[in-house]
Amino acid sequence: MADEANRAAFMEIQASMIELTGKLKQVQNQMRNKEGDKKRAFLTLEELGPLPEDTNTYKSIGRTFVLEPKAVLQAEQEQKLKDSEAAIVSLQTSKEYLEKQTAEVENNLRELLQQEPGIAQQIMSMSM
């Protein structure tokens with residue numbers, strides 16, 4: 001009976017670990033994408049800065065380029081930069097939370113294995 005309870009506890013811990021790992025990878029990918037967006041917006045702003053105000057600037061929309069005033073493009077890029085920074089801060093908070101949750105689940109697993117050393121052999125025999 002105790003073996004069944006330990007197995008069930010292990011399976012539950014394993015499932016939560018898999019779920020948390022997936023979420024953590026997803027957040028890391030989103031952060032990487034937002035970092036790229038932020039860098040792109042920053043570099044675009046750097047290139048737009050020294051141009052005279054009357055320069056023809058174009059905005060890419062799919063395969064089409066649309067004539068836009070320089071001020072409009074600068075405002076859009078500044079907004080993208082701010083949005084990306086805000087999203088990165090939010091994602092960083094989520095990442096830290098998920099890392100804490102993962103550490104907690106790892107500790108729970110460690111405790112389970114220390115309480116019942118025999119369960120490790122049972123788990124190994126199940127996976128083979």
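A continuous path of hydrophobic side-chain contacts links L24 to I13 [ILVMFWY only; heavy atoms under 4.5 Å]. With hydrophobic clusters built from ILVMFWY side chains whose heavy atoms lie under 4.5 angstrom apart, L20 shares a cluster with M11. I61 and F65 fall into different hydrophobic clusters, where Ile, Leu, Val, Met, Phe, Trp and Tyr side chains are chained together by heavy-atom contacts under 4.5 Å.
Rounded to the nearest 0.5 Å, atoms CD (E99) and OG (S94) are 11.0 Å apart. Annotation: the span from L73 atom CG to L48 atom CG amounts to 6.0 Å, rounded to 0.5 Å. Atoms CD and CD, from Q115 and E111 in turn, are 6.5 Å apart once rounded to the nearest 0.5 Å. The structure places CG of L98 at 9.5 Å from CD of E19, a figure rounded to the nearest 0.5 Å. Atom-to-atom distance recorded for K59:NZ and T44:OG1 is 12.5 Å, nearest 0.5 angstrom. Atoms OG and NZ, on S16 and K23 in that order, are 10.0 Å from each other to the nearest 0.5 Å.
For the pair L43/E47, no side-chain contact is recorded, criterion being any heavy-atom separation below 4.5 Å from C-beta on. Within the 4.5 Å cutoff, no side-chain heavy atoms of R40 are placed close to those of Q77. Side-chain contact between L109 and F10: present, with at least one pair of heavy atoms (C-beta onward) separated by less than 4.5 Å. Counting only heavy atoms from C-beta outward, the side chains of K70 and T55 never approach each other to under 4.5 Å. Contact of the Q14 side chain with the M17 side chain is not registered, since no non-hydrogen atoms from C-beta on lie closer than 4.5 Å. Contact annotation: the side chain of D37 never approaches that of K80 to less than 4.5 Å [non-hydrogen atoms, C-beta and beyond].
Applying side chain to side chain contact (heavy atoms under 4.5 Å, CB included) to E85 and the options L81, D83, I88 leaves one that passes, L81.
Checked for salt-bridge contact, K39 and E35 miss the test: no charged N lies under 4.0 Å from a carboxylate O.
No side-chain N or O of E104 forms a donor-acceptor pair with one of N108 less than 3.5 Å apart.
By the 6.0 Å contact criterion, CD on E12 is open, its count of non-hydrogen atoms from other residues, nucleotides or ligands being 12 or less.
Between the side chain of T64 and the backbone N or O of S60, no donor-acceptor pair lies under 3.5 Å.
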